[in-house]
**Student:** 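Dropping the structure in here first, questions after.
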Protein chains: 2
Amino acid sequence: MNRRVTIKDVAEAAGVGVATVSRVLSGGSASPQTRERVLAVAAQLDYRPSALGRNLRQRRTGGMGLLVPDLTDTFYGQLSEGVLACARSAGEPVVIGSTGGDPEQEADLIGMLLEQSVDRLIAVPSGDAETWAPALRAGMTVVFADRLPSEGTHEDDDTAALAVHDLMLLDGLPPAPRGRPLDVPSVVADDRAGIRTAVRYLRGLGHRRIAFLGGPGHDRRAAAFREAVGTPVDDDLVVFATGSRDSAYAAASSLFLSRPDLTAVVAGGNVLGEAAVLAARELDLRVPRDVSLVMYDDVPWAELCSPPLTVVAQPGRDMGYRAAELVMRSGGRRPRDVVLPTELIVRGSCGPRRP
Amino acid sequence: MNRRVTIKDVAEAAGVGVATVSRVLSGGSASPQTRERVLAVAAQLDYRPSALGRNLRQRRTGGMGLLVPDLTDTFYGQLSEGVLACARSAGEPVVIGSTGGDPEQEADLIGMLLEQSVDRLIAVPSGDAETWAPALRAGMTVVFADRLPSEGTHEDDDTAALAVHDLMLLDGLPPAPRGRPLDVPSVVADDRAGIRTAVRYLRGLGHRRIAFLGGPGHDRRAAAFREAVGTPVDDDLVVFATGSRDSAYAAASSLFLSRPDLTAVVAGGNVLGEAAVLAARELDLRVPRDVSLVMYDDVPWAELCSPPLTVVAQPGRDMGYRAAELVMRSGGRRPRDVVLPTELIVRGSCGPRRP
DNA sequence: AACCATGATGGAATCGTTTCCATGAATCGG
DNA sequence: CCGATTCATGGAAACGATTCCATCATGGTT
């Protein structure tokens with residue numbers, strides 16, 4: 001790095017003290033002629049205040065952190081674009097990290113952000129409360145987007161309890177103090193309504209054996225699925241993959257193989273939807289003739305698919321933007337959670353049930 | 001932010017000077033017993049060195065910047081994942097920015113990075129040499145990925161000259177000093193070979209009227225296209241969109257409408273490919289019966305498309321990883337440019353020409 | 001004319017780290 | 001046994017900004 005123009009240089013060139021320059025540049029009081037002179041000199045010297053000095057003095061880094069599971073997942077790409085748009089309009093830097101859905105990597109990245117004194121963070125969490133404790137203990141302002149951390153794994157956890165709890169969250173009620181609930185604001189889609197709409201739509205087409213294909217972080221959607229179906233759902237009709245495309249494909253394949261009687265699938269995310277299409281094709285199941293498919297997430301390629309995919313769209317970009325707003329404007333008080341609407345977009349991947 | 005544990009606290013608790021603590025923690029010399037004590041105390045206090053203090057002292061920010069046009073473009077998602085993987089393994093933070101393909105925003109983001117004293121930057125450039133001058137002048141280590149900045153617009157620039165110049169670059173030769181060439185290392189795919197393969201494949205199927213549908217930054221690919229075709233190409237068979245999906249769709253539509261005689265299209269990127277499929281469908285052109293299509297970039301959904309898309313795959317993730325390596329390991333010397341191989345993956349979107 | 005309020009201004013402290021340099025002890029060779 | 005070299009160590013300066021506080025000039029009020 002070349003020798004940098006510092007505030008001292010500007011002060012000398014303008015014949016004033018450094019304090020005055022600082023005041024002028026950060027909007028403090030100064031006489032008009034001084035202000036003008038300082039600004040002129042600063043411009044002439046092409047002076048840029050060093051964020052390093054400022055941050056050290058203020059004991060905080062400007063900007064915010066952003067943690068997502070995977071940038072090749074279009075949905076997280078959209079979410080990130082939203083965050084970046086908001087940050088850009090505020091002129092703030094964004095430090096990004098990709099966790100791969102792995103709590104351990106997530107913890108490492110949190111540690112890295114802590115070292116950087118990044119004190120505001122937007123995250124699509126992969127770990128549980130324990131993973132997030134260090135960040136909160138250090139006083140970070142955290143906003144969760146798209147999902148909430150899974151509860152710590154207590155031995156007495158059963159899916160039903162988890163479901164009820166999570167659905168309460170969805171309605172904006174304070175979570176029942178189960179385990180160690182994190183008091184962190186969040187921006188999520190209305191998964192409950194979105195899934196419900198999808199299930200009702202499929203039922204309206206006559207489907208009765210509907211499966212849910214989820215990925216990491218789709219617990220809330222799975223719970224909403226069970227609730228929307230109403231009657232108890234066979235456990236092997238709700239399957240989970242681990243995040244990678246391979247795992248999603250394997251989960252989809254084994255679902256189709258183990259339950260040849262199913263007539264419809266709800267995929268909990270675009271990677272899962274992709275896997276479902278691929279697996280169905282491989283097994284010679286035609287969509288929607290043999291099996292109907294609704295995918296959570298709208299992505300540009302859903303329309304290109306054969307057939308075009310019926311989806312539950314959630315506003316990824318807005319989600320990111322709102323989360324960034326929240327994390328920036330959080331003036332000490334805990335902001336309200338934000339729940340964004342979803343929309344069922346009917347294309348061609350669902351048909352009436354065939355006997 | 002809570003009161004932070006500083007090096008001073010550790011020094012006091014361990015009964016040594018701050019200098020000693022610093023040395024121990026950064027691998028300097030110290031007696032075994034001192035080292036042990038300091039490490040024990042540091043661990044016990046959960047001490048994390050503040051990157052702020054260090055960076056100020058060393059007058060540089062650790063980590064690197066990353067500038068891409070659009071994170072919802074799967075290819076840039078892949079590239080970013082590569083960069084992040086490399087950075088993560090080195091424990092370095094990445095400051096990301098999305099330029100939207102707009103040189104002005106790019107310049108703003110460069111300014112922001114400069115303020116942050118980020119001195120290493122990986123970029124998929126949108127602006128020209130002028131946009132990049134400030135960064136280079138400030139001594140930033142820059143690596144371009146996926147593409148090179150377009151030359152400044154000189155009035156005497158013509159496409160042919162640009163093509164020749166860029167193709168020389170592709171072969172790893174130093175660029176002819178035309179205008180103000182930037183001496184910046186780069187990691188790009190072998191566009192020339194990739195496009196040539198695609199064109200030869202199409203010609204082998206009998207196609208003679210082949211069009212190229214490009215986006216911003218696809219000049220090299222367009223030039224390679226012209227070269228691969230050999231005979232002069234009608235100007236209206238090489239069309240460019242401006243980056244948005246809408247613009248890509250409009251360009252594809254108008255291409256099909258203005259040249260109903262074309263029988264094959266090479267799309268310069270996945271967004272363009274998507275647009276081509278959409279536009280063809282809208283105009284009732286069947287792929288590959290009425291028009292064959294090869295898309296640059298392999299993306300997961302290419303296989304889901306109807307028909308599955310024949311693509312020229314380029315290794316996005318590797319590209320990012322290599323670029324990050326370059327920007328980190330660049331020990332003063334300018335590293336060699338990296339050119340990565342492409343691969344034609346034949347699926348179902350190309351067929352023999354029909355009269 | 002004395003006094004006070006106001007506002008502009010600059011010096012100096014501060015943030016947390018690294019690193020230069022001086023000090024003192026200890027080890028080594030002659 | 002002594003001078004020279006090595007080595008661990010801590011004090012203090014430096015990085016570049018913000019901000020507290022004291023100072024000084026000014027203008028208005030009694």
**Student:** Is there a side-chain contact between A/L66 and A/S80 (heavy atoms, below 4.5 Å)?
**Tutor:**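 Yes, close enough: below the 4.5 Å cut-off.
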**Student:** Could you tell me whether the side chains of B/R4 and A/S117 share a donor-acceptor contact shorter than 3.5 Å?
**Tutor:**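 Their side chains do contain a donor-acceptor pair, which is all the 3.5 Å distance test asks for.
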**Student:** Over the length of the helix from C/dA1-D/dT30 to C/dG30-D/dC1, how much do the five-pair end axes diverge, rounded to 10 degrees?
**Tutor:**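 Taking five pairs per end, the axes differ by 50°.
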**Student:** Go through it in stages, so that I can follow the logic: the residues are B/R48 and B/V5, the test is side chain to side chain contact (heavy atoms under 4.5 Å, CB included), and I'd like the CA-CA distance, side-chain angles, deciding distance and then a yes or no.
**Tutor:** CA-CA 7 Å; B/R48 284 175 192 287; B/V5 179; over 6 Å; no
**Student:** Between B/E115 (CD) and D/dA17 (P), how many Å, whole number?
**Tutor:** 10 Å
**Student:** Kindly say if B/S31 contacts the phosphate of D/dT9, meaning a side-chain N or O under 4.0 Å from OP1 or OP2.
**Tutor:**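 So the side-chain polar atoms of B/S31 do come within 4.0 Å of the phosphate oxygens OP1 or OP2 of D/dT9, strictly under.
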**Student:** Starting at atom CG of A/N55, determine the distance to atom P of D/dC15, rounded to an integer number of angstrom.
**Tutor:**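 So the CG-P distance, A/N55 to D/dC15, works out to 18 Å.
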**Student:** Grab the CZ-P distance between A/R35 and C/dG7 for me, whole Å please.
**Tutor:** 14 Å
**Student:** Do B/T99 and B/Q105 pair up side chain to side chain, a donor and an acceptor below 3.5 Å, judged on atom types alone?
**Tutor:**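 No, because no side-chain N or O of B/T99 sits under 3.5 Å from a partner of the opposite role on B/Q105.
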**Student:** Find every protein N or O atom lying less than 3.5 Å from an N or O atom of nucleotides 13-20 of chain C, and list the pairs.
**Tutor:**
residue, atom, partner, partner atom, Å
C/dT14, O2, A/R57, NH1, 3.1
C/dC15, O2, A/R57, N, 3.3
C/dG16, N2, B/G53, O, 3.1
C/dT17, OP1, B/Y47, OH, 2.7
C/dT17, OP1, B/S50, N, 2.8
C/dT17, OP2, B/I7, N, 2.4
C/dT17, O5', B/Y47, OH, 3.4
C/dT18, OP2, B/S22, OG, 2.8
C/dT18, O2, B/R57, NH1, 2.3
C/dT19, O4', B/R57, NH2, 3.4

**Student:** For the residue pair A/M64 and A/A324, what are the closest heavy atoms and their distance?
**Tutor:**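 Looking at all heavy atoms of both residues, the closest pair is SD-CB, 4.3 Å.
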**Student:** Does a donor on one side chain and an acceptor on the other come within less than 3.5 Å for B/S98 and A/E81?
**Tutor:** yes
**Student:** Under the criterion side-chain contact (heavy atoms from CB on, under 4.5 Å), which of A/L67, A/D73, A/D70, A/D146 is the partner of A/V124?
**Tutor:** A/D146
**Student:** For residues B/R147 and B/P69, report the shortest heavy-atom separation together with the two atoms involved.
**Tutor:**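 Looking at all heavy atoms of both residues, the closest pair is NH2-CG, 3.7 Å.
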